[in-house]
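Everything numeric in this text was worked out from a predicted model, so none of it was measured.
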Amino acid sequence: MFNIADGGFTELHTLWQNEERAAISSGKLNEIWHRRHDYWLLAGIVLHGYARWTDIQNDGAFGVINEPFKGEASKGNFLEMKNKFLARRFKLLEQALVIEEQLRRAAYLNMTQDPSHPAMALNTRFAEVECLAESHQHLSKESLAGNKPANAVLHKVLNQLEELLSDMKADVTRLPATLSRIPPIAARLQMSERSILSRLASKGTDSHPPPSFPPGPYATPPSYGGTFGTPPAGALPPPGGANYSQMPPGSFISGEGTPAGGTK
């Protein structure tokens, strides 16, 4: 199945889980935007180019991305609303892909984060806040029910949370100074800005044959039980053939052990 192993640094997997649950429970696998639409949006960008929303929408092979918007076609700002959604969604996917690549590189280079770094301190305190809040969430109901011991414990927990949030606020104020000491991209690449721009521009002039894709998403049966058959050489792997109804709960969320760049 198509996946982006972003390590939980974006909201993508939370969105996928909620969207897929809604799509499966309602039987509207084409009408509710979810992971499958994201795959075809990215495939359309690979074929037609960056932000070429109209070209992608007019290509029948990527017609599935038009399905969620058919109910809004009567609105006056329909096209603007649709393009804004696609741009916003792609921005999230792009962010997740960048993080996936950074995690892959970090794993390949066996890089570890300095535990004394302010960002790590902030992360540790956030984990403490989350753990403290989740483990004592039952206290509010018991306190409202008149349980005096629970009320006393609740006040202590709230004081602890307040102290942790205060520490986090102090960590956040120190972050800009820390980030400003990170050398610029040009220095890390040991290239001038002119050299970087020249290299990027030259890549755009290279001639490459257009990528080939498997048949459009409507070749897949509504049950998602079929397959596309053998895709042509160089094609992206199709997301079809996965039967969502047979997947265990939580299978759409990548855990910490998900290998960067891999699939669940």
So do [Y] and [X] actually touch side chain to side chain, heavy atoms under 4.5 Å?
X: Leu29; Y: Glu67; value: no
X: Gln160; Y: Leu132; value: yes
X: Arg52; Y: Ile45; value: no
X: Asn151; Y: Leu139; value: no

When you look at Glu19 and Arg35, which way does the side-chain contact (heavy atoms from CB on, under 4.5 Å) test go after all the steps? CA-CA 8 Å; Glu19 291 164 352; Arg35 183 194 300 252; over 6 Å; no
With no hydrogens and no angle check, is any side-chain donor or acceptor of [X] less than 3.5 Å from a backbone partner on [Y]?
X: Glu162; Y: Leu158; result: no
X: His13; Y: Ile4; result: yes
X: Asn147; Y: Ala150; result: yes
X: Asn58; Y: Thr54; result: yes
X: Glu100; Y: Ala5; result: yes
X: Asn66; Y: Gln57; result: yes
X: Ser25; Y: Arg21; result: yes

Test applied, side chain to side chain contact (heavy atoms under 4.5 Å, CB included); reference residue, Trp53; option that passes from Leu41, Ile65, Leu79: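 Among Leu41, Ile65, Leu79, the one that satisfies the side chain to side chain contact (heavy atoms under 4.5 Å, CB included) with Trp53 is Leu41.
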Evaluate the side-chain contact (heavy atoms from CB on, under 4.5 Å) criterion for residues Phe90 and Gln95: first the C-alpha distance (whole Å), next the side-chain angles of each, then the deciding distance (0.1 Å), finally the verdict. CA-CA 8 Å; Phe90 174 65; Gln95 182 185 26; over 6 Å; no
Side-chain donor-acceptor pair present, Trp33, Asp38, cut-off under 3.5 Å: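 Side-chain D/A pair, Trp33 to Asp38: present.
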Is a donor from one side chain sitting under 3.5 angstrom from an acceptor on the other, for Ser143 and Ser140?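 Judged by distance alone, the side chains do not pair up.
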Might you work through the ring-ring contact (aromatic ring centres under 6.0 Å, His included) test for Trp16 and Phe2, ending with a clear yes or no? CA-CA 11 Å; Trp16 276 352; Phe2 165 64; 5.7 Å; yes
In terms of relative ring orientation, are His37 and His34 parallel, tilted or perpendicular, with 30° and 60° separating the classes?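 Answer is perpendicular, since the angle exceeds 60°.
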